[in-house]
Asker: 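Before we start, here is the structure in question, set down as structure tokens.
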Amino acid sequence: MKKILFTLFIFEVIFTSFAQEATEKKIQSGLIFNSGLNFQAMGTKRIEANGVGNDLTVGANIIYNITETIGFQSGLEFDFETLKYKSTNYVDFGTYYYYNDSDILPIKDFDATNTSHKLYQMTERQQKAVYLTIPTMMVFRTKFFGYMRYFGKFGLRNSFLLSNKSNDQGFNFTDNDITKPVMSTAQNDMKSKGEMFFFKSAVGITGGGEWNFSGSTCLVAELGFYYGFTPLHSNRSIDKENNYFFATNADQYATNTIPFNNKATQKQLVLKVSILF
């Protein structure tokens, strides 16, 4: 977090050197804060969304004013997302994965002779992802009415995955035997390298108002909707042994594993507040 805040501070220092009155400025820059809701659209029937997820964003934005009423916005934003899932019992029994300590293993890496490799049945998951996001938005504004002007934005938010961990609820098994589940067990800060797709993009539209309350300083509030069109999770359908999850019929556990990966896209409803200088 300290590195993120330092990066945003440097970004802000560079661009606040262009200070002039808000109506005359070619470049505005400032710090932003987002709070949003995430809605996952599932692409598999074996895992489903478990309610609404949430998103918290901090960052720095710049707006290049092409004219008084048209501009282009970009910047650097850090998204801290929580995605909520739960297993279903559709057709097959349960959702399972193998793990070693805090690492979730691809199916091919499981070694039945290694006593540190364990079997887990996942019933619920909170997946924590951190993204670096670069927005590219066109800004369409009114002229100032007194100290207020209003705007709409349209464009893309392109995000790059920085980290991914999950907190799971479910069951461990004695001797990795599916017929011997132990008491419900939580597994926190589990890592699954490559399970989430490294890139995410969403097209969005927002609207809001800008209050020029002091000199060139403006307070901005906006509400936006973003439609994600890239997958949140990696597609490993070509080589099933690279998948992390598998389902099984309870009476055919040893011979009828069904590998799969989670599949989802995302919609977001976001409230954004920023201070521009």
Asker: I'd like to know if Tyr98 and Ile178 are part of one continuous hydrophobic network [Ile/Leu/Val/Met/Phe/Trp/Tyr, side-chain heavy atoms within less than 4.5 Å].
Answerer: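 The answer is yes; both residues are in one hydrophobic cluster.
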
Asker: Ignoring hydrogens and angles, state whether a donor on the side chain of Gln126 or Asn167 is under 3.5 Å from an acceptor on the partner side chain.
Answerer: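 No.
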
Asker: Are Asp168 and Arg125 ion-paired here, with the side-chain N under 4.0 Å from a carboxylate O?
Answerer: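 Salt bridge: yes.
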
Asker: Going by atom types alone, do Glu81 and Gln266 pair a side-chain donor with an acceptor below 3.5 Å?
Answerer: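 Yes, side-chain donor-acceptor contact under 3.5 Å.
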
Asker: Give me the ring orientation class for Phe213 and Trp211: parallel if the planes are under 30° apart, tilted from 30 to 60°, perpendicular past 60°.
Answerer: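 Geometry flag for Trp211 against Phe213: tilted rings.
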
Asker: Looking only at side-chain N and O atoms, does Glu210 offer a donor or acceptor that is under 3.5 Å from a partner on Gln28?
Answerer: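 Per modelled atom types, Gln28 and Glu210 side chains form a pair under 3.5 Å.
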
Asker: For Lys45 and Met42, indicate whether the former's side chain and the latter's backbone hold a donor-acceptor pair under 3.5 Å.
Answerer: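 Not a single qualifying donor-acceptor pair exists.
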
Asker: Go through the side-chain N and O atoms of Asn164 and Tyr131 and say whether any donor and acceptor fall under 3.5 Å apart.
Answerer: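 No.
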
Asker: Any donor-acceptor pair under 3.5 Å linking the side-chain atoms of Glu222 with those of Thr206?
Answerer: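 Present: a donor and an acceptor within the cut-off.
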
Asker: Tell me whether Val220 shares a hydrophobic cluster with Met148, the cluster being built from Ile, Leu, Val, Met, Phe, Trp, Tyr side chains joined at under 4.5 Å.
Answerer: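 No, it is not one cluster - the side chains of Val220 and Met148 are not joined through contacts under 4.5 Å.
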
Asker: For the residue pair Gln169 / Gln187, report whether a side-chain donor-acceptor contact shorter than 3.5 Å exists.
Answerer: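 No donor-acceptor contact under 3.5 Å links the two side chains.
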
Asker: Taking only Lys NZ, Arg NE, NH1 and NH2, and the carboxylate oxygens of Asp or Glu, determine whether Glu68 and Lys25 approach each other closer than 4.0 Å.
Answerer: no

Asker: According to a 4.5 Å side-chain heavy-atom criterion applied to Ile, Leu, Val, Met, Phe, Trp and Tyr, with indirect links allowed, do Leu232 and Met122 form part of one hydrophobic cluster?
Answerer: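 Leu232 and Met122: one cluster.
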
Asker: What about the rings of Tyr120 and Tyr96, do their centers lie closer together than 6.0 Å?
Answerer: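 Tyr120 vs Tyr96: aromatic centres not under 6.0 Å.
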
Asker: To the nearest 0.5 Å, tell me how far Ser159 OG sits from Phe78 CZ.
Answerer: 11.5 Å

Asker: Looking just at side-chain N and O atoms, do Thr57 and Asp55 make a donor-acceptor pair shorter than 3.5 Å?
Answerer: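 Asp55 and Thr57 do have a side-chain donor-acceptor pair below 3.5 Å.
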
Asker: Quick one: are the ring centres of Phe260 and His233 less than 6.0 Å apart?
Answerer: no

Asker: Just checking, any donor-acceptor pair under 3.5 angstrom between side chains of Ser201 and Asn158?
Answerer: yes

Asker: Does the side chain of Asn188 pick up a donor-acceptor pair with the side chain of Lys128 at under 3.5 Å?
Answerer: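 No pair is found: no donor N or O on one side chain lies under 3.5 Å from an acceptor on the other.
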
Asker: Less than 4.0 angstrom from a charged side-chain N to a carboxylate O is my criterion; do Arg157 and Glu77 meet it?
Answerer: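 Counted as a salt bridge, because a side-chain N and a carboxylate O are separated by less than 4.0 Å.
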
Asker: Whether Glu124 and Lys86 form a salt bridge (side-chain N of Lys/Arg under 4.0 Å from carboxylate O of Asp/Glu) is what I want to check.
Answerer: no

